[in-house]
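Shown next, in structure tokens, is the structure this report addresses.
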Amino acid sequence: LGLDHTCAYTAANVRRCWGLNSNGQLGDGTTIDKHFPMDLCADAALNGCHANAICSNAAPICTCKPGFQGDGKTCTDIDECADASLNNCHANATCSNSI
């Protein structure tokens with residue numbers, strides 16, 4: 001992948017990176033060398049994903065969970081009650097948006 005560092009995928013398609021990291025090339029948000037494979041999604045401080053996002057070790061890529069919208073770094077609740085096409089509530093029922 002690069003000079004003095006590399007990344008590989010596990011059988012579960014999880015990316016692990018290790019090696020020299022003086023320029024942040026491992027993508028973990030640090031410049032600390034890693035001498036063994038590391039999981040970027042194991043620590044939200046490393047991947048920057050929002051609490052309501054799912055992390056994928058591909059880059060890492062953060063994707064908002066269902067019911068949320070955003071770029072994965074910031075996720076906001078979708079109010080399904082504000083749009084009748086997003087809920088199954090009867091016209092005479094009270095819709096309750098929950099997280």
Quick check for you: to the nearest 0.5 Å, what is the distance between [X] atom [atom1] and [Y] atom [atom2]?
{"X": "Ile78", "Y": "Lys65", "atom1": "CD1", "atom2": "NZ", "result": "14.0 Å"}
{"X": "Thr63", "Y": "His50", "atom1": "OG1", "atom2": "NE2", "result": "13.5 Å"}
{"X": "Asp4", "Y": "Gln25", "atom1": "CG", "atom2": "CD", "result": "8.5 Å"}
{"X": "Ser22", "Y": "Ile32", "atom1": "OG", "atom2": "CD1", "result": "12.0 Å"}
{"X": "Thr76", "Y": "Asp71", "atom1": "OG1", "atom2": "CG", "result": "9.5 Å"}

Report yes or no: do Thr31 and Asn23 form a side-chain donor-acceptor pair below 3.5 Å? no
Report yes if the SG atoms of Cys55 and Cys41 are separated by under 2.5 Å, and no otherwise.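 Answer is yes, sulfur atoms closer than 2.5 Å.
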Separation of SG atoms, Cys81 and Cys89, below 2.5 Å: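 Judged by the SG atoms alone, which are 2.5 Å or more apart, Cys89 and Cys81 are not bridged.
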Counting distance only, does the side-chain N/O of Asp33 pair as donor-acceptor with the main-chain N or O of Asn21 below 3.5 Å?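 Yes, the answer is positive, given that a donor and an acceptor are paired below the 3.5 Å cut-off.
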Is it true that a side-chain atom of Asn87 and a backbone atom of Cys95 form a donor plus acceptor pair closer than 3.5 Å? no
Do you know which two heavy atoms are closest between [X] and [Y], and how far apart they sit?
{"X": "Cys75", "Y": "Ala53", "value": "SG-CB, 3.8 Å"}
{"X": "Arg16", "Y": "Pro37", "value": "CB-CB, 3.5 Å"}
{"X": "Gly19", "Y": "Leu26", "value": "O-CD1, 3.8 Å"}
{"X": "Asn97", "Y": "Glu80", "value": "OD1-OE1, 2.7 Å"}

A side-chain contact here means heavy atoms from C-beta on lying under 4.5 Å apart; do Lys73 and Cys62 qualify?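 Lys73 reaches Cys62 side chain to side chain.
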With a 4.5 Å cut-off on side-chain heavy atoms, are Trp18 and Thr6 touching?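 Sidechains of Trp18 and Thr6: in contact.
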With a sphere of 6.0 Å drawn around CG of Asp83, does it hold more than 12 non-hydrogen atoms of other residues, nucleotides or ligands? yes
